[in-house]
Amino acid sequence: MISMVNYEQVIQLALERGFYFPSCGIYPDAPAGFWEYGPSGVSLKNKFIELWRRELVRRDRMWEIDGSQIMSQSVFLASGHLSSFADPVVKCQKCGSIFRADKMIAEVCSVVIPESAELEAFDRTIAEKNIRCPKCKGALDGAKKFNMMFRVGIGPQDEPAYLRPETCQSIFVDFPRLYKTMRGRLPIGVAQIGKSFRNEISPRQSLLRLREFYQAEIEVFCNPGRLDEIDGFSEVEGTVLNIMADDTIRPMTCREAYERRTVPNKLVAYYLGLLAEFYKKTGIDTSRSRFRKLGEKEKAFYASVAFDFEVETATGWLELVACNYRSDYDLTSHGKVSKEKFEVLDDNAKVLPHVFELSMGIDRSLYTILEHSLREDKENERVVLSLKPYLAPVHVGVLSLVKKDGLAEKTEEIFSRMRTRYDAFLDHSGAIGRRYRRLDEVGAPFAVTIDHQTLQDGTVTVRSRDSMAQERVSTADLDSYISRSVAFP
RNA sequence: GCGGAGUUAGUCUAGCCCGGCAUGACGUCAGCUUCCCAAGCUGAAGGCCGCGGGUUCAAUUCCCGCACUCCGCACCA
């Protein structure tokens, strides 16, 4: 009857209905890992971002900024990306093949050299063991670092700079100014939505692994001595988190998670709670989600505690948000390199804030919303995108039952009253059932149909997407009906 | 990056072995008809058959290279 969908069906819908599609598609040299959002995708994305603003930024009274995508070399010297965000590679002088140095050496002669070792270590082993190109036996060049950041040259001097590999660096860099000018008090969240860039070796699966992608990041600056003093904690203490630690998933409330020390402090428990409540409202099936506590080896080098928020999709468990307690790693290193002071006054004492981060992948979240919302309704021979009404690219379709007898004109009159307030879609042509099905596929929760009775008594039918049920509504009440139905929660 | 499979209209697809004007369906658009759930009829638009090279009188078809997509592996701040 109603069946779940797979990855292919989501891609198909995305391509056919203008959600997203490959970038530069008409040219043969289109690079992998770049996708664009079409009209339906942009509309969904904008609404998703609005929900994020409501549920996280405004709810927690965070500051939102919008930083540069290109940042100076010094930023990444301080952040560690210049040295650490890179893989060691060697190139064959003869056939030009490129290999991961550590992997190739381990494979050929079983000598294990850590990825982060000095480049000389790879060169030395290659020379000692006389390692040649595994493909053509040619001589190998010296090892180099392949940095995953995109380098750009600025001005005629080609000054080195980089496309940011994560949005949060501008938040750290801007923190001292923000704190002074915005009258800050700890704890304070600073949020940012924007693009980040990573030169992935092998981008895959459309929106799931991109070279240019959207992040919504929140950095919460806090006093490490007062992590259990969180005003809003009572608001989320009953919120259930599916926490996965030691390979088992256990649902527990934020309060339980904190009291059992599964989550280290109230501040982290509070933000995981906010995040869980946000995702519930996106329409993602959160019964198939988990906060996976990362083990020592999996964590990023700056994280002392880390949870990945993951959701089960047709492609397996997918990481949507990385939640890292970054301690004072970032502010300390930016302080050292820039000589800027990052200490602030809290509770009459000077303190270097710690940072807890929620780093959200927007593209992956949108994919998951589509996958979890898409249904094949075999009984009614239709494909339905059951998006939350407030996220739907089209709020309401406005249809004339037939074009003649003045119905088209009446329909346009009703449409023009709605079009600046809602994402409304006007359609006169074709069989009415076909037009309903088309709207079902872009997730429009309602369709308003103007028929002969409309001309007599001023009522229209409102057909709802999920139930296909219809009711008559007076045109005088239409605005409040739709506005109530598509309002954010 | 490695191994495998693919790439023909918006989408899916036939043709490829065996070289000779590019198939069909769905969708889209217009008209007629019906008037509340993908009905029917008529018509139309839409393709350098992924890109580049080679063989050939002639390449969607055979050969080589590349790009991209998908699946596994690896990678994944």
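It should be emphasised that the depicted structure is a prediction, and the values quoted were computed from it without experimental measurement. Just so we're on the same page: letters track the sequence lines, and every chain starts at 1.
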Point to revise | Interatomic distance at P, B:A74 relative to B:C12, whole Å | key: 30 Å
Please write out the pairs of protein N or O atoms and N or O atoms of nucleotides 42-44 of chain B separated by less than 3.5 Å, giving the distance to one decimal.
none

Check your understanding: Would you call A:Asp427 and A:Arg438 a salt bridge, using N to O less than 4.0 angstrom?
Key -> yes
Check your understanding: Does the distance from a Lys or Arg side-chain N to an Asp or Glu carboxylate O, for A:Glu441 and A:Arg437, drop under 4.0 Å?
Key -> no
Review point. Considering only the P atoms, how many Å lie between B:C64 and B:G27, rounded to the nearest integer?
Key: 41 Å
Point to revise | C1' atoms of B:U8 and B:G24, separation to the nearest Å | key: 13 Å
Practice item. Look at the rings of A:Tyr422 and A:His395 and say which category their plane angle falls in: under 30° parallel, 30 to 60° tilted, over 60° perpendicular. Key: perpendicular
Practice item. Provide the distance between the two C1' atoms, one in B:G54 and one in B:G19, to the nearest whole Å. Key: 15 Å
Review point. With side chains defined as the heavy atoms from C-beta onward, is the minimum distance between A:Met360 and A:Tyr279 less than 4.5 Å?
Key: yes
Exercise for review: Mind telling me whether A:Phe175 and A:Phe342 have parallel, tilted or perpendicular rings, with 30° and 60° as the class edges?
Suggested key: parallel
**Study point:** Sugar-phosphate, base or nothing in reach of A:Gln470, heavy atoms under 4.0 Å
**Key:** base
Point to revise | Nearest-angstrom distance, P atom, B:U23 to B:A9 | key: 14 Å
Exercise for review: Kindly indicate whether a cation-pi arrangement holds for A:Arg463 with A:Tyr436, taking the cut-offs as under 6.0 Å to the six-membered ring centre and within 45° of the axis.
Suggested key: yes
Exercise for review: Would you sketch RNA chain B in dot-bracket for me? Only Watson-Crick or G-U wobble pairs with both distances under 3.5 Å count, crossing pairs as [ ], other-strand pairs as |, the rest as dots.
Suggested key: (((((((..(((.......[...))).(((((.......))))).....(((((..]....))))))))))))....
Practice item. Using the P atoms only, state how far B:G50 lies from B:C16, rounded to an integer number of Å. Key: 16 Å
Review point. So which nucleotide from B:C12, B:C37, B:C75 ends up closest to the side chain of A:Gln12?
Key: B:C12
Practice item. Using the six-membered ring wherever Trp is involved, compare the ring planes of A:Phe150 and A:Phe197 and label them parallel, tilted or perpendicular (cut-offs 30° and 60°). Key: perpendicular
Check your understanding: How close or far is atom C1' of B:A77 from atom CZ of A:Arg326, stated in whole angstroms?
Key -> 7 Å
Exercise for review: Calculate the interatomic distance between A:Arg211 atom CZ and B:G1 atom C1'; express it in whole Å.
Suggested key: 12 Å
Study note, to complete from the structure: Considering only heavy side-chain atoms of A:Glu381, the closest of B:C29, B:A38, B:A77 is B:A38
Review point. Within the structure shown, what part of the strands sits under 4.0 Å from A:Glu441 by heavy-atom distance: base, sugar-phosphate, or nothing?
Key: base
Check your understanding: If you measure from the C1' atom in B:U11 to the same atom in B:G72, how many Å do you get, rounded?
Key -> 27 Å
Practice item. Find the distance A:Arg209:CZ to B:C71:P and express it as a whole number of Å. Key: 13 Å
Point to revise | Plane angle bin for A:Tyr20 and A:Trp35 - parallel if under 30°, tilted between 30 and 60°, otherwise perpendicular | key: perpendicular
Review point. So, is A:Arg17 near the phosphate of B:G10, with a side-chain N or O under 4.0 Å from OP1 or OP2?
Key: no
Check your understanding: Is A:Arg463 side chain donor-acceptor paired with the B:C37 base, going by distance under 3.5 Å alone?
Key -> yes
Check your understanding: Rounding to the closest angstrom, what is the interatomic distance between B:A5 and B:G10 at atom P?
Key -> 28 Å
Check your understanding: 5'-most contact on RNA chain B: A:Val460 or A:Arg364, nearest heavy atom basis?
Key -> A:Val460
Check your understanding: A:Glu200 near the nucleic acid: base, sugar-phosphate alone, or nothing, with a heavy-atom cut-off under 4.0 Å?
Key -> nothing
Review point. What about A:Arg438, does its side chain sit under 3.5 Å from the base of B:C37 through a donor-acceptor pair?
Key: no
Revision key, fill the gap. Winner on side-chain proximity to A:Arg437, out of B:A38, B:A77, B:C70, is B:A38
Review point. Which part of the nucleic acid does A:Asp451 contact within heavy-atom distance under 4.0 Å: base, sugar-phosphate only, or nothing?
Key: base
Exercise for review: Classify the nucleic acid contact of A:Ser359 as base, sugar-phosphate or nothing, counting any heavy atom under 4.0 Å across all strands shown.
Suggested key: nothing
Exercise for review: Using only side-chain N and O atoms of A:Arg434, determine if any of them is under 4.0 Å from OP1 or OP2 of B:A39.
Suggested key: yes
Practice item. Measure from the side chain of A:Ile432, starting at C-beta and using heavy atoms only, and say which of B:A77, B:C76, B:C37 lies closest. Key: B:C37
**Study point:** SB check A:Arg472 A:Asp451 (cutoff 4.0 Å)
**Key:** yes
Point to revise | Listed partners of A:Asp405 passing side-chain hydrogen bond (donor to acceptor under 3.5 Å, both in side chains), at least two apart | key: A:His452
Check your understanding: Which part of the nucleic acid, if any, lies within reach of A:Arg198 when heavy atoms closer than 4.0 Å are counted: base, sugar-phosphate only, or nothing?
Key -> sugar-phosphate
Check your understanding: So, is A:Tyr436 near the phosphate of B:C36, with a side-chain N or O under 4.0 Å from OP1 or OP2?
Key -> no
Practice item. Establish, yes or no, whether a centroid distance under 6.0 Å links the rings of A:Phe48 and A:Tyr214. Key: no
Check your understanding: B:C71 C1' sits how many Å from A:Gln205 CD, rounded?
Key -> 9 Å
